[in-house]
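The first residue in the sequence is number 1, and the count goes up from there.
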Amino acid sequence: MCVWWYKAGMDVSGGNHRHEAPWKRMSKEELDNQYSPSRWVVRLGAEEAMRTYSQIGNEVTKRARATGRSLLNVPYGDGDGEKLDIYLPEAVSEAMPFLVFFHGGYWQSGSKDTSAFMVNPLTAQGVAVVIVAYDIAPKGTLDQMVDQVTQSIMFVQKQYPGNQGIYLCGHSAGAHLAAMMLLADWTKHGVTPNLKGFFLLSGVYDLEPIMHTSENAPLLPALEDAQRNSPLWQLETAPTQPADPACRILVTVGQHDSPEFHRQSREFYQVPRAPTLCQGGWKASFEELHDMDHFEILWNLTQEDYVLTQIILKTIFQES
């Protein structure tokens, strides 16, 4: 079943597929501009937008922790940075659904300690929320980050084997890490998590353009690193559909994200030259969030009546 939430007259019929590589015609300055989300905000200046984003993250995380229903800095692996926070609803049960969140920050910044945006609206409805830390660059490599995200999901499944479903959510770089889990070979880990859905918010799914921006220095030393860690590339070359097609997948982008972020999200949803998320039988959908920029798309998850909060809750509780 392919569901299409279509907004703002976007051309999704074809056009800029990866083999045409539109970003390759851009100068380094234009690529830097395209991959600098703060330059595209419409209501605040770039620096003010980043301050506001950080301030809201700090405040909502403090509020979430103040409820006393949290397990903080729980180790999911042996490394110092391999910790997660678990925020529990008032009524705890074996069959709780879990939303596992991976923060953004271009794999180089951000923290679980300022990322509890969606905790209170979701725990109020009976959803447990897990916020995951991972070793950002330069300490961590992309391969390590993908491995840590895999470990964190295995940990949640082992700790709560009776869960009603595990839903992965990531923002920006975190959406990339969540998307990589579509390709995970759980059989080799000995644990098959009860994955029921993916919420991918303003993500980057093809890392090759990042190699040509000023963001790249600590990340991608070679093209093969970019390809190995690009969900778009991996899905295109996967010999078979890599995950349960019953999983619900939402690819979303803000109206005021840059054209390159729009292209990345659209192409990941379509995955040209391969069984696409949509055409391959996945329960996949695409949403452009009206009048939202790269940061507002996440920080508005603090509001229960926000359209994305409602989509997440309806997906988790299987409401049409």
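Taking the six-membered ring where the residue is Trp, the centroids of F295 and Y53 are separated by under 6.0 Å. A distance below 6.0 Å separates the ring centres of Y160 and F98.
A donor-acceptor contact closer than 3.5 angstrom links the side chains of E82 and Q148. Side-chain atoms of E30 and Q34 include a donor-acceptor pair closer than 3.5 Å. A side-chain donor from one of D257 and S202 sits under 3.5 Å from a side-chain acceptor of the other. Side-chain contact, E260 with Q264: no donor N or O sits under 3.5 Å from an acceptor N or O. In this model, a donor atom of one side chain and an acceptor atom of the other lie less than 3.5 Å apart for H176 and W107.
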_Set out, in order, the CA-CA distance, both residues' side-chain angles and the distance that settles side chain to side chain donor-acceptor pair (under 3.5 Å) for D185 and T187, then state yes or no._
CA-CA 6 Å; D185 181 5; T187 57; 2.4 Å; yes
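A distance of 5.0 Å separates CD1 of I297 from OH of Y306, quoted to the nearest 0.5 Å. Here CG of L250 is found 7.5 Å from CG of L201. Values are rounded to the nearest 0.5 Å. Distance check: M154 CE to W186 CH2 gives 7.0 Å after rounding to the nearest 0.5 Å. To the nearest 0.5 angstrom, T252 atom OG1 is 3.5 Å from L289 atom CG. Rounded to the nearest 0.5 angstrom, L207 CG and L232 CG are separated by 9.5 Å. Remark: Q227 CD to M211 CE distance equals 9.0 Å, nearest 0.5 Å.
None of T192, N194, N163 except one satisfies the side-chain hydrogen bond (donor to acceptor under 3.5 Å, both in side chains) rule with Q157; the exception is N163. Shown are H256, E48, E296; of these, the side-chain hydrogen bond (donor to acceptor under 3.5 Å, both in side chains) with R43 is made only by E296.
You'll find the side chain of L200 reaches within 4.5 Å of the side chain of F268, heavy atoms only.
Here R263 does not pair with D206 in a salt bridge; the nearest charged N to carboxylate O distance is not below 4.0 Å.
The hydrophobic clustering, which links ILVMFWY residues whose side-chain heavy atoms are closer than 4.5 Å, places V42 and W40 apart.
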